[in-house]
Amino acid sequence: MCFLPQWECTWFFILCCSFSLLLVWCYFWWEAHNDYNDFNWLLYNRSGEWSDGTMPILTTTAVGLSYTTFLMGLALCHIALGQQMNLFWIHKVGVLAVLLTTITGVVSIDELWRSEWDIVIISLQFTGPFLHIGVLAAVTALGWLVAVFVVRAERTRLQMVVLLVYFCVLLALYMAPLAISSPCVMDKSSLRPRPLVFGRRGAPMMAPENTIMALNKAIQQGVSALEADVAISVDGVPFLMRDRTLRRTTDVQRLFPHRQEDDASLFTWAELRSLNAGLWFLKSDPYWTASSLTLRDRRRAGNQTVGGLADLLRLAVKTNCSVAVSLRRPPPEHPRHELWINDTLRVLQRSGIPLERVMWTPDVGREQVRREAPRLQQMSQRRLTLQQIREMGISALSLHYSQALRQDIRQYTRSNVSVNVHTVNDPWLYSLLWCSGVTSVSSEAPNILKDVPYPIWLLSPDAYYLMWIACVLVSFGVVVAIFIHQKWKMSGMQSYNPEQIMLSAVVRRPSRDVNVMKEKLIFSEINNGVSNTDELSMYTENGYVRYTHGGMPH
């Protein structure tokens, strides 16, 4: 960077900021893949219209990262060759646009989806060891530019600052593994059995959520339990529905256009059964999977209707599957507002399913449920202390992955409390939670998790420490070799006289060597008392560099 004018240094700094921020932004959206559907659902709840908000973000991120990576590579090549960066004005505008767009995106996500930042910290537990190796390799490679800048005859304060900062960063990276803690760094003998997989709303990547088709697809993927959202109709029938309204997942706007904003529980069971609950899946394609369905499955999906809790329980009895119900209490004006628990318990008890295989999650009315159906498994969706668990008779917890801390999981499992974690769709998150010791996970993608028979990576502590030490030694050796080479190269330059410089120019030595030799010659002439009128000048003709006295460079 010493070869760049101050203005070019500023633009190089802006380019570095844009590139670095885009790398972080790209990493965020990579690990947020687990929650793309939640992001779209959040946008739907705010706007009232379903759309895939991730696609334009991913497209612009990919274009911006490719563009800044290309410019960054060119800039580093120019600096390494001792040339000015010479960033054209159109690229300066582009870099600024990328930087401002990325900053706007980060601020917007922080306001709209702030809870998602938690998964960044969680993902670092899985990617940390490998990110550390990548960053260490990049900083080691930057040692070439630092060495070129620092190993010069004249010593400036800036050179010493750059050298000090570089080696401090390098030392911090060497020690970074001391701060990296990953559940996947463990002895294989300590690995707990593979977590069970619950079909969250069935298998919504393969069929419309909370429909009988989705539940059947989940069972075909080998899930251990079916998890569904349950609401109560106006005439007291428990049915399966995630949203407060029917707009997103049914054709309510066609049959009941004046009631499409009404609460779903304010419809009768007959009205609910008259709605189509599958066409939206084919049209919206919320998981980008509708096009992969067979013609037969597309026809089945297009004919689905709203499912009832009784349908779910019959399927669970037939397949010997467990059930987890997440109930939503109807609004105060609902005629079953005080009787919703009774309605649900009645359907459970009449279904014939062993109540030990049913997990009851609502905290409201839990005492009543324990009195009337003591065999039900009591599951809480809050992170509780062991004392609270014992007092409430809880046998299982269902937590969001951001609340499932490794130390808490181990404490719960030692106390015979099952820990279920939701929502887990990506193999990397499933692998991380497996190493953490969870009992089960709720997934919208059981078809993907069934293909994860073992954690993606698992290292014993000894193997991890050996990898760490080997990387540090290799990096240190490369950095030392780079500085020794540049020092030797520079010391050789100091012995060149003018005739050698001209000969080097004739044989077309690299531009950096010629530039450095020019500087040495000029400083030598100045030190020997050469006046300004007797300056050494040079010009280029036919590809060769010639030197004359008494003229300006041509």
Side-chain angles (χ1 to χ4, degrees), residues 41 45 198-202 204 208-212 214-215 225-252 255-256 258-278 280 304-317 322-353 355 357-373 375-381 398 442:
W41 191 66
N45 287 334
F198 294 0
R200 190 172 178 86
R201 306 181 189 96
E209 65 182 48
N210 279 326
T211 61
I212 300 304
L215 300 174
L226 297 171
E227 182 178 347
D229 307 284
V230 179
I232 308 296
S233 71
V234 75
D235 48 353
V237 178
F239 65 98
L240 311 182
M241 183 59 58
R242 179 191 188 187
D243 296 6
R244 185 189 66 83
T245 70
L246 300 168
R247 284 190 60 195
R248 181 176 69 93
T249 58
T250 73
D251 59 347
V252 65
L255 295 182
F256 307 100
H258 302 297
R259 301 177 62 190
Q260 54 183 315
E261 297 296 338
D262 290 354
D263 194 292
S265 60
L266 297 179
F267 288 75
T268 66
W269 176 235
E271 292 171 336
L272 292 169
R273 293 293 283 184
S274 68
L275 297 171
N276 184 296
W280 74 273
Q304 293 299 301
T305 186
V306 176
L309 177 59
D311 301 324
L312 166 63
L313 295 174
R314 279 194 296 269
L315 185 59
V317 170
S322 298
V323 172
V325 291
S326 178
L327 272 71
R328 180 169 65 87
R329 189 172 188 177
E333 66 272 18
H334 196 282
R336 314 298 293 181
H337 179 70
E338 300 297 335
L339 301 173
W340 63 298
I341 293 179
N342 295 11
D343 294 336
T344 307
L345 289 178
R346 183 171 60 254
V347 173
L348 288 173
Q349 292 166 340
R350 291 178 178 177
S351 67
I353 188 173
L355 296 184
R357 296 215 314 262
V358 178
M359 289 163 272
W360 182 273
T361 59
D363 288 327
V364 178
R366 194 179 293 277
E367 289 300 322
Q368 175 188 348
V369 174
R370 291 176 62 184
R371 288 194 308 269
E372 299 183 12
R375 291 186 297 149
L376 284 176
Q377 286 192 55
Q378 296 296 322
M379 174 184 281
S380 177
Q381 295 179 323
S398 181
S442 295

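- Taking 4.5 Å as the limit, every side-chain heavy atom of Ser265 sits out of range of all side-chain heavy atoms of Arg329.
- Within the 3.5 Å criterion, the main-chain N or O of Ile232 finds a donor-acceptor partner in the side chain of His334.
- To the nearest 0.5 angstrom, Leu272 atom CG is 7.0 Å from Met241 atom CE.
- Because its NZ or CZ atom is not both nearer than 6.0 Å to the ring centre of Trp340 and within 45° of the ring axis, Arg328 does not count as a cation-pi partner of that residue.
- Minimum interatomic distance between Ser351 and Val317 (heavy atoms only, all atoms of both residues): O-CG2, 4.0 Å.
- For the residue pair Gln381 / Asp363, no side-chain donor-acceptor distance below 3.5 Å is found, with atom types taken as modelled.
- Leu246 contributes atom CG, which lies 9.0 Å from atom CG of Asp262 (distance to the nearest 0.5 angstrom).
- In this view, Asp343 and Arg336, Arg346 satisfy the salt bridge (charged side-chain N to carboxylate O under 4.0 Å, His left out) rule, not counting sequence neighbours.
- No side-chain donor-acceptor contact under 3.5 Å links Arg370 and Gln378.
- Contacts of Phe267 classified as ring-ring contact (aromatic ring centres under 6.0 Å, His included), with partners at least two apart in sequence or in another chain: Phe256.
- A donor-acceptor contact closer than 3.5 angstrom is absent between the side chains of Trp280 and Asp251.
- Residues Leu312 and Leu226 are in side-chain contact: their nearest non-hydrogen atoms beyond the backbone lie under 4.5 Å apart.
- One distance of note links CG of Leu309 with CG of Asn210; it measures 11.0 Å at 0.5 Å rounding.
- Looking at Ser442 and Glu227, their side chains do bring a donor and an acceptor atom within 3.5 Å of each other.
- Considering every non-hydrogen atom in both Gly365 and Ile341, the closest pair reads CA-CD1, 3.5 Å.
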Discussion item. Met359 vs Val323, test: side chain to side chain contact (heavy atoms under 4.5 Å, CB included). Steps then yes/no.
Written reply: CA-CA 6 Å; Met359 289 163 272; Val323 172; over 6 Å; no
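- Of the N and O atoms on the side chains of Ser233 and Asp235, at least one donor lies less than 3.5 Å from an acceptor on the other residue.
- Of the possible donor and acceptor atoms, one in the side chain of Arg259 sits under 3.5 Å from a partner among the backbone N and O of Leu266.
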